[in-house]
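The next block holds one structure in the form of structure tokens; read it before the comments.
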Amino acid sequence: MKPAITYELLHECKQTGARRGVIHTPHGDIQTPVFMPVGTQATVKSMTPEELKEVNAQIILSNTYHLFLRPGHDLVKEAGGLHQFMNWDRPILTDSGGFQVFSLGQLRKISEEGVEFQSHLDGSKKFLSPEKAMEVENALGADIMMAFDECCPYPSTYEYTKKSMERTTRWAKRCKDAHKRQEEQGLFGIIQGGFYKDLREKSAEDLISLDFPGYAIGGISVGEPKEKFLEVLNYTTPLMPKDKPRYLMGVGTPDYLIEAAIAGIDMCDCVLPTRIARHGTALTSQGKIVVRNATYERDFTKLDPECDCYTCKNYTRAYIRHLVKTNEILGIRLLSIHNIKFLTNLMDKVRIEIENDNLGNFKNDFYRKYGYIK
RNA sequence: GGGUAGGUGGUCGAGUGGUUAAUGGCACCAGACUGUAAAUCUGGCCGCGAGAGCGUACGAUGGUUCGAAUCCAUCCCUGCCCA
């Protein structure tokens with residue numbers, strides 16, 4: 001059987017060890033390291049698929065939990081699958097609903113069988129299990145599916161994290177057994193274990209024995225300090241197979257993306273660029289700017305002098321501020337376009353610098369300019 | 001000219017004798033946001049002060065009262081109705 005997802009390593013940065021590669025999927029190749037915009041409800045909020053292509057999105061995310069609730073996976077299947085439903089012909093990755101176990105807080109109850117959610121839409125009770133998540137993800141038909149896991153909050157005790165991680169591993173096995181379309185969709189396992197090294201090692205070891213076509217690190221970037229994040233990232237990534245994609249879930253900010261690449265990560269996703277866009281903030285080569293602020297009222301320059309996106313080619317900070325202040329949809333759209341392009345441009349540079357064995361220098365330059373180093 | 005309803009902080013609008021520097025909404029000023037319960041949330045928003053605090057303030061002036069945005073008198077202004 002030919003696996004749906006394969007990884008090809010092209011080069012390793014001699015300066016940092018970062019990987020430059022390609023992920024082959026049923027909907028085309030993905031150049032890595034890659035940043036994946038998030039489109040929870042079968043749409044990257046405010047952006048058309050054409051615009052996503054224009055900002056160089058190679059692959060986008062969508063969410064099992066949300067589409068399960070509405071419009072329902074049966075409907076998406078009837079539409080011909082998620083690709084056809086939303087008119088996106090490049091790769092898609094679906095998250096399993098595992099993150100909602102974390103983010104819905106009081107609205108869920110976890111058992112060995114699965115998770116009972118109280119729908120955030122109408123309060124009705126819904127149930128997701130590894131089997132149900134696979135049924136939904138199979139119906140959605142994404143190129144990459146994530147196993148159903150539990151993302152532990154930070155901080156969590158060793159005992160709780162251990163139990164949770166072991167259950168996530170059992171769930172991963174059940175996911176694998178329930179996954180019906182292995183030739184069309186690759187199922188990734190998610191390494192958990194919180195902020196405990198031995199638990200991460202155990203999780204990685206057990207999941208690797210299940211032989212998934214790719215692996216993710218889950219449960220970091222959940223509010224911990226950056227040192228903690230880096231610590232877990234740097235001891236967990238080397239545990240992951242070299243011949244398969246490595247995905248760091250839920251990251252992130254420009255510095256985290258660079259750190260992830262250096263650690264040997266191939267894929268990252270984050271809601272940040274689109275969320276802060278809706279809240280009036282732009283990522284720029286000189287740091288983030290809250291363009292909604294009064295300072296930009298009469299600033300007739302572009303968001304980022306170094307950016308080549310549609311927004312920066314055509315509009316000023318003053319105009320975008322005006323749109324944001326007046327609640328005009330276009331402000332959100334222009335900022336979303338810019339922020340995603342900023343991150344895909346960043347990853348373009350990261351890939352080039354890996355090929356040039358120069359990612360370490362690039363990181364230092366970037367940090368200085370962005371303002372991470374004063 | 002007569003009658004009537006009103007004049008509150010940037011704005012709209014509560015409050016009708018004391019815990020009122022004065023509820024709310026909006027506007028404004030900031031901050032947060034990392035596998036999206038998020039076009040959301042949090043804080044600030046009379047002046048001076050780091051702060052305790054001090055000073056001004058509910059159309060104007062005068063009065064009643066221990067105490068007034070709230071009661072009384074006169075005046076000014078606005079809406080509506082009648083002539």
Side-chain angles (χ1 to χ4, degrees), chain A residues 35-47 59-67 69-70 92-108 117-123 126 133 137 142 144-152 154 168 188-192 215-226 228-229 233 247-257 259-260 265 267-283 288 290-297 321 323-336 339 343:
Chain A
F35 173 77
M36 309 184 284
V38 179
T40 303
Q41 312 206 64
T43 168
V44 175
K45 292 187 193 299
S46 89
M47 296 183 60
I59 167 172
I60 60 172
L61 253 70
S62 209
N63 192 290
T64 296
Y65 168 80
H66 296 263
L67 297 178
L69 292 187
R70 198 168 55 182
I92 298 176
L93 181 153
T94 43
D95 189 23
S96 60
F99 187 70
Q100 278 61 48
V101 183
F102 161 81
S103 68
L104 290 179
Q106 299 305 308
L107 293 177
R108 91 288 192 266
F117 294 96
Q118 210 175 338
S119 163
H120 69 282
L121 300 174
D122 61 6
K126 304 286 176 187
E137 292 196 82
I144 298 171
M145 327 182 348
M146 300 310 296
F148 188 63
D149 67 328
E150 183 195 355
C151 176
C152 283
Y154 174 82
T168 286
F188 283 21
I190 303 175
I191 298 167
Q192 290 290 352
Y215 290 90
I217 301 175
I220 53 174
S221 200
V222 286
E224 74 283 359
K226 188 174 177 182
K228 280 265 176 198
F229 163 82
L233 172 68
Y247 167 26
L248 173 61
M249 307 185 79
V251 164
T253 51
D255 57 329
Y256 276 39
L257 291 172
E259 297 292 353
I265 292 293
M267 317 158 68
C268 290
D269 76 284
C270 196
V271 304
L272 195 79
T274 46
R275 179 177 291 169
I276 67 175
R278 293 193 302 283
H279 302 166
T281 299
L283 299 166
K288 67 176 185 184
V290 184
V291 73
R292 142 173 64 81
N293 285 2
T295 0
Y296 305 106
E297 188 177 16
R321 171 180 140 91
L323 294 176
V324 170
K325 295 296 288 182
T326 49
N327 268 318
E328 285 293 340
I329 304 166
L330 185 59
I332 284 170
R333 284 170 38 69
L334 293 178
L335 280 167
S336 296
N339 282 348
L343 292 184

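In what follows, every chain begins at residue 1, and chains take the letters A, B, ... in the order their sequences are listed.
Centroid-to-centroid, the aromatic rings of A/Tyr65 and A/Phe117 come within less than 6.0 Å.
Using atom C1' as the reference point in both B/G62 and B/C80, the two lie 30 Å apart (nearest Å). Between B/G6 and B/U16, the distance separating the two C1' atoms is 14 Å to the nearest Å. Comparing the C1' positions of B/C26 and B/G9 gives an interatomic distance of 14 Å, to the nearest angstrom. The separation of B/U8 from B/G63, taken at their P atoms, amounts to 25 Å, rounded to a whole angstrom. Rounded to the nearest Å, the gap between the C1' atom of B/G15 and that of B/A69 is 8 Å. Between B/A68 and B/U19, the two P atoms lie 11 Å apart (nearest whole Å). Taking the C1' atom of each, B/C45 and B/C28 are spaced 8 Å apart, rounded to whole Å. Taking the C1' atom of each, B/A14 and B/U23 are spaced 6 Å apart, rounded to whole Å.
With hydrogens and angles left out, the side-chain atoms of A/Gln192 and A/Asp149 include a donor and acceptor closer than 3.5 Å. When only modelled atom types and interatomic distance are considered, A/Asp255 and A/Thr253 share a side-chain donor-acceptor pair under 3.5 Å.
No hydrogens or angles were tested; on distance alone, a donor-acceptor pair under 3.5 Å links the side chain of A/Thr274 to the base of B/U36.
Atom OH in A/Tyr154 sits 5.0 Å away from atom NZ in A/Lys228 (nearest 0.5 Å).
Looking at residues two or more places apart in sequence or on another chain, you find no side-chain hydrogen bond (donor to acceptor under 3.5 Å, both in side chains) involving A/Asp95. With sequence neighbours left out, the ring-ring contact (aromatic ring centres under 6.0 Å, His included) criterion links A/Phe148 to A/Trp171. Partners of A/Phe188 by ring-ring contact (aromatic ring centres under 6.0 Å, His included), not counting sequence neighbours: none found. Annotation: ring-ring contact (aromatic ring centres under 6.0 Å, His included) contacts of A/His66 (sequence neighbours excluded): A/His120.
Here A/Ser46 lies out of heavy-atom contact (under 4.0 Å) with every strand. A/Leu248 comes within 4.0 angstrom of no nucleic acid atom, judged by non-hydrogen atoms across all strands.
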Practice task
For RNA chain B, produce a single dot-bracket line, 5' to 3'. Pairs: Watson-Crick or G-U wobble, both distances under 3.5 Å. Symbols: ( ) within strand, [ ] crossing, | other strand, . unpaired.
Solution key: ((((((((.[[[..)..(.....]]].(((((.......))))).(((....)))...[[[[[..)....]]]]]))))))).
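One interatomic measurement links the two molecules: CE of A/Met47 to C1' of B/A39, which rounds to 15 Å at whole-angstrom precision. As rounded to whole Å, 7 Å separates atom C1' of B/A37 from atom OH of A/Tyr65.
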Exercise for the section: Summarise how protein sits on nucleotides 29-35 of chain B as a single string, 5' to 3': B when a protein heavy atom is under 4.0 Å from the base, S for sugar-phosphate-only contact, - for no contact. Expected result: SBBBBBB
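Judged by distance alone, with hydrogens and angles left aside, the side-chain atoms of A/Ser62 form a donor-acceptor pair with the main-chain N or O of A/Thr40 at under 3.5 Å.
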